[in-house]
Amino acid sequence: MGKGLSSTAPHIADPAHYAGPLKDWGHQPDPIAGHSKSDGVLLHKGPNGQPESGLWQCTPGTWPLSIPRDELCYFVSGRATYTHQSGETIEIVPGTAVLFPAGWTGICVVHETMRNVYMLS
């Protein structure tokens with residue numbers, strides 16, 4: 001039987017309801033509204049930080065963002081709206097999967113505390 005985070009293949013069962021400790025990853029910089037706080041669990045970080053995967057949680061608020069590397073996100077709880085600089089919007093609800101390509105720039109509005117499982121390449 002696997003050992004979760006200390007397994008040879010790190011894993012989290014039911015990430016939407018994961019009750020293990022989350023590490024404080026601080027507040028989102030340059031807030032537009034609110035003071036979104038991030039917490040998470042790192043599953044893996046490769047050489048030079050690439051790739052990276054884990055569980056990320058963020059509380060309500062609004063901030064600008066620019067995605068530095070390709071990032072695949074699978075949202076397991078909460079609600080948010082991502083608006084690209086072009087005006088295109090992506091509504092996030094549980095079960096939404098999004099591939100943000102490197103260089104994606106826009107605004108994030110977290111309406112309800114959200115969680116996602118992510119992989120940065």
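Values below: all heavy atoms of this structure, side chains included; hydrogens, waters and symmetry mates excluded.
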Taking only distance into account, with no hydrogens and no angle test, what donor-acceptor pairs under 3.5 Å do side-chain atoms of residues 13-22 form with protein atoms, sequence neighbours excluded?
| residue | atom | partner | partner atom | Å |
| --- | --- | --- | --- | --- |
| Asp14 | OD1 | His17 | ND1 | 3.1 |
| Asp14 | OD2 | His17 | ND1 | 3.0 |

Testing the basics here: between [X] and [Y], what is the closest heavy-atom pair and its distance to 0.1 Å?
| X | Y | value |
| --- | --- | --- |
| Trp56 | Cys58 | CZ2-CB, 3.5 Å |
| Thr113 | Gln57 | CG2-CG, 3.8 Å |
| Tyr82 | Leu65 | CE2-CD1, 4.0 Å |
| Asn116 | Phe75 | ND2-CE2, 3.3 Å |

Determine whether a donor-acceptor pair (N or O, by modelled atom type, separation under 3.5 Å) exists between the side chain of [X] and the backbone of [Y].
| X | Y | result |
| --- | --- | --- |
| Asp70 | Ala102 | yes |
| Ser121 | Met119 | no |
| His44 | Leu42 | no |
| Asp24 | Gly26 | yes |

Quiz item: Do Gln28 and Ser38 get their side chains close enough for a donor-acceptor pair, meaning under 3.5 Å?
Solution: yes
Quiz item: Side chains of Trp63 and Ser36: is there a donor and an acceptor less than 3.5 Å apart?
Solution: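 Trp63 vs Ser36: no donor-acceptor pair found between side chains.
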Quiz item: Which residues satisfy the side-chain hydrogen bond (donor to acceptor under 3.5 Å, both in side chains) test with Thr8, sequence neighbours excluded?
Solution: none
Exercise. Check step by step if side chain to side chain contact (heavy atoms under 4.5 Å, CB included) holds for Leu55 and Leu43.
Key: CA-CA 8 Å; Leu55 172 68; Leu43 287 175; over 6 Å; no
Self-check item: salt bridge (Lys or Arg N to Asp or Glu O under 4.0 Å) contacts touching residues 82-97 (sequence neighbours left out)
Solution: none
Quiz item: Picking from Thr81, Val98, Val110, what satisfies side chain to side chain contact (heavy atoms under 4.5 Å, CB included) with Ile92?
Solution: Val98
Quiz item: So do the side chains of His35 and Thr59 get within less than 4.5 Å of each other, counting heavy atoms only?
Solution: no
Checking [X] now: which residues fulfil salt bridge (charged side-chain N to carboxylate O under 4.0 Å, His left out) with it, not counting sequence neighbours?
| X | result |
| --- | --- |
| Asp30 | none |
| Arg115 | none |
| Glu52 | Lys45, Arg69 |

Quiz item: Going only through I, L, V, M, F, W and Y residues with side-chain contacts under 4.5 Å, is there a path from Met114 to Leu120?
Solution: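 Yes, it is one cluster - the side chains of Met114 and Leu120 are joined through contacts under 4.5 Å.
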Exercise. Examine Ile12 and Leu72 and state if one hydrophobic cluster contains both, with Ile, Leu, Val, Met, Phe, Trp and Tyr joined whenever side-chain heavy atoms are less than 4.5 Å apart.
Key: no
Quiz item: Can we call the ring centroids of Tyr74 and Tyr118 under 6.0 Å apart?
Solution: no
Quiz item: Rounded to the nearest 0.5 Å, what separation is found between the OG1 atom of Thr105 and the CD1 atom of Ile67?
Solution: 8.0 Å
